[in-house]
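To start, the structure itself, in structure tokens.
Position 1 is the first residue of the sequence; numbering continues from there. All figures in this text were calculated on a predicted structure; none of them were measured in a lab.
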Amino acid sequence: MHNKTLVAVAVGLGLISLSACGSTDGGSGSDSKTVTLVSHNSWAVSKKVLKDFEKRSGYKVRVLKDGDAGQAVNKAILTKGNPQGDVLFGVDNTLLSRALDNGLFQPYTAKGLDKVGAAYQLDKDKHRVTPVDYGDICVNYDKAYFSEHRLTPPRSFADLAEPRYKNLLVTENAATSSPGLGFLLGSAARFGDQGWQDYWKKLKANGVKVVDGWDQAYYQEFSGSSEGKKAGGDRPLVVSYASSPPAEVIYAKKRPGTAPTGVATGTCFRQTEFAGLLSNARNPEGAKAFIDFLVSKEFQEDMPLNMFVYPVLRGAGVPAEFTAYGPAAKAPETMAPARIAANRDQWVKSWTSLVLK
């Protein structure tokens, strides 16, 4: 779930391997009846839904899971002349400009795109990518901790810097993690180009802990997750997702009546994920059929309980668990792709110097 960390410096340092794993048929993906999907490790779909697509379209789907989201994008850039697959899924709005500026995709207007919310179509003039899902990066809190300590959970970015929350927050490295980067962008959206640095100075002084990625933060450091409890995690605040509480309920050995974790709704940043037809794809027709499938009602309604994200298709149903335990943020911070493109690398560099050194 949400294993979407990125390796921002990997391209420059030459640290990216080109290995990948995961396949429905074990084939090479080079024949006309196989479409190869390249994705981050969080890709998931129900077997029946995928089989329905294969039967209906006549294509077999081969899946290459190339690590985390940033790693998958960077690998795709390195191999764009001879791509590993036909479709890339998982590039999000924090990394979109990097993919587009490197000519990673060729245009394609998906069937059914007219039923996808306009707010998610961030490349609507050229259609180089197709929106597939959205989610909110938010601070989660351990309900039991705050109840036991008779402490009100934080509600906003500003709250997190207050002394009463000293040494309680763990976040991911903005240079190596997609949610970490999203949290940084959320703070920049909230406090402005200059104000975000003062904010992070306050967080650092207030004992924020920084780890490499979401897995470590959520499963090892966070006291509210089932795995974090086993690992002895002692941080009751973590940068995660609005959909993390329903996951805690759904995957519990004994389903609780209420989620053990909550969301600080004033700390959210909206993340949208896309799929694109890779330039020089060996099977562009199969890729187009698969992208159409990703925005179909069948896939969109299957997706939430597999990848814990929300559908972008208007009218697609959302599981009751999402409504009850993890509703999307009503007013998340957002940022235009052009602003992200213009500032991302410098902000990450400044953040690294400010917080990690």
Side-chain angles (χ1 to χ4, degrees), residues 17-69 71-91 99-100 102-116 123 126-133 273-307 309 311-313 316:
S17 68
L18 297 180
S19 61
C21 63
S23 173
T24 60
D25 65 355
S28 66
S30 61
D31 64 274
S32 62
K33 288 301 179 181
T34 299
V35 57
T36 302
L37 170 68
V38 180
S39 176
H40 53 59
N41 284 341
S42 293
W43 162 263
V45 61
S46 297
K47 289 183 179 179
K48 182 183 181 301
V49 171
L50 185 60
K51 289 296 182 184
D52 285 348
F53 164 75
E54 292 181 327
K55 183 177 180 180
R56 184 171 59 249
S57 68
Y59 294 107
K60 292 289 289 183
V61 178
R62 180 177 181 245
V63 182
L64 300 179
K65 293 186 177 181
D66 271 351
D68 46 54
Q71 189 172 9
V73 171
N74 287 339
K75 286 182 183 179
I77 291 171
L78 287 174
T79 60
K80 68 178 181 180
N82 184 26
Q84 303 292 296
D86 305 301
V87 178
L88 175 68
F89 165 75
V91 58
L100 298 182
N102 279 277
L104 199 52
F105 304 111
Q106 52 185 299
Y108 174 62
T109 303
K111 294 177 183 177
L113 189 62
D114 58 321
K115 298 178 182 179
V116 171
D123 191 46
K126 296 184 178 180
H127 299 295
R128 291 166 292 181
V129 290
T130 300
V132 176
D133 66 74
E273 287 190 303
F274 304 86
L277 170 57
L278 287 166
S279 298
N280 302 306
R282 293 183 180 89
N283 189 356
E285 293 309 311
K288 292 174 183 178
F290 189 77
I291 291 172
D292 293 345
F293 165 64
L294 293 180
V295 293
S296 69
K297 189 173 183 179
E298 182 182 23
F299 178 82
Q300 288 281 301
E301 292 189 337
D302 178 71
M303 182 176 60
L305 290 181
N306 282 290
M307 293 192 285
V309 288
V312 296
L313 186 73

Can you measure from NZ (Lys111) to CZ (Phe293) and round to the nearest 0.5 angstrom? 15.0 Å
With sequence neighbours excluded, residues passing side chain to side chain donor-acceptor pair (under 3.5 Å) with Asp302: Ser46, Asn306
Which atom names give the shortest non-hydrogen contact between Ile291 and Gly276, and what distance separates them? CD1-C, 3.9 Å
Nearest heavy-atom neighbours spanning Pro131 and Val312: O-CG2, 3.5 Å
Starting at CG of Leu88, measure out to OG of Ser39 and round the result to the nearest 0.5 Å. 7.5 Å
Quick one: does Gln106's side chain have a donor or acceptor within less than 3.5 Å of a partner on Leu278's backbone? yes
Answer yes or no: is there a side-chain heavy-atom contact under 4.5 Å between Asn283 and Tyr59? yes
Output for pair (Ser57 OG, Lys33 NZ), nearest 0.5 Å, gives 8.0 Å
So, does Ser279 use its side chain to make a donor-acceptor pair with the main chain of Gly103 at under 3.5 Å? yes
Just to verify, what does Lys48 make a side chain to side chain donor-acceptor pair (under 3.5 Å) with, not counting sequence neighbours? Asp52
Are Tyr108 and His127 side-chain neighbours, meaning at least one heavy-atom pair lies under 4.5 Å? no
Donor-acceptor pair, side chain of Gln300 and main chain of Leu294, under 3.5 angstrom: yes
Can you label the angle between the Phe89 ring and the His40 ring as parallel, tilted or perpendicular, going by 30° and 60°? tilted
Arg282 side-chain N/O to Pro83 backbone N/O, donor-acceptor pair under 3.5 Å: yes
If I compare all heavy atoms of Asp292 with all of Ala110, which pair ends up nearest, and what's the gap? OD1-CA, 3.5 Å
Taken to the nearest 0.5 Å, the spacing of Asp133 CG from Met307 CE works out to 5.5 Å
Counting C-beta onward and ignoring hydrogens, is there a side-chain heavy-atom pair between Met303 and Val132 closer than 4.5 Å? yes
Determine the minimum heavy-atom distance between Ala76 and Leu104, stating which atoms define it. O-CD1, 3.3 Å
Where the side chain of Asp86 meets the backbone of Thr36, is there a donor-acceptor pair that is under 3.5 Å apart? yes
Evaluate the criterion side-chain contact (heavy atoms from CB on, under 4.5 Å) for residue pair Asp123 and Phe274; output intermediate values, then yes/no. CA-CA 10 Å; Asp123 191 46; Phe274 304 86; over 6 Å; no
Run the side-chain contact (heavy atoms from CB on, under 4.5 Å) check on Asn82 and Asn280 step by step: do they pass? CA-CA 7 Å; Asn82 184 26; Asn280 302 306; over 6 Å; no
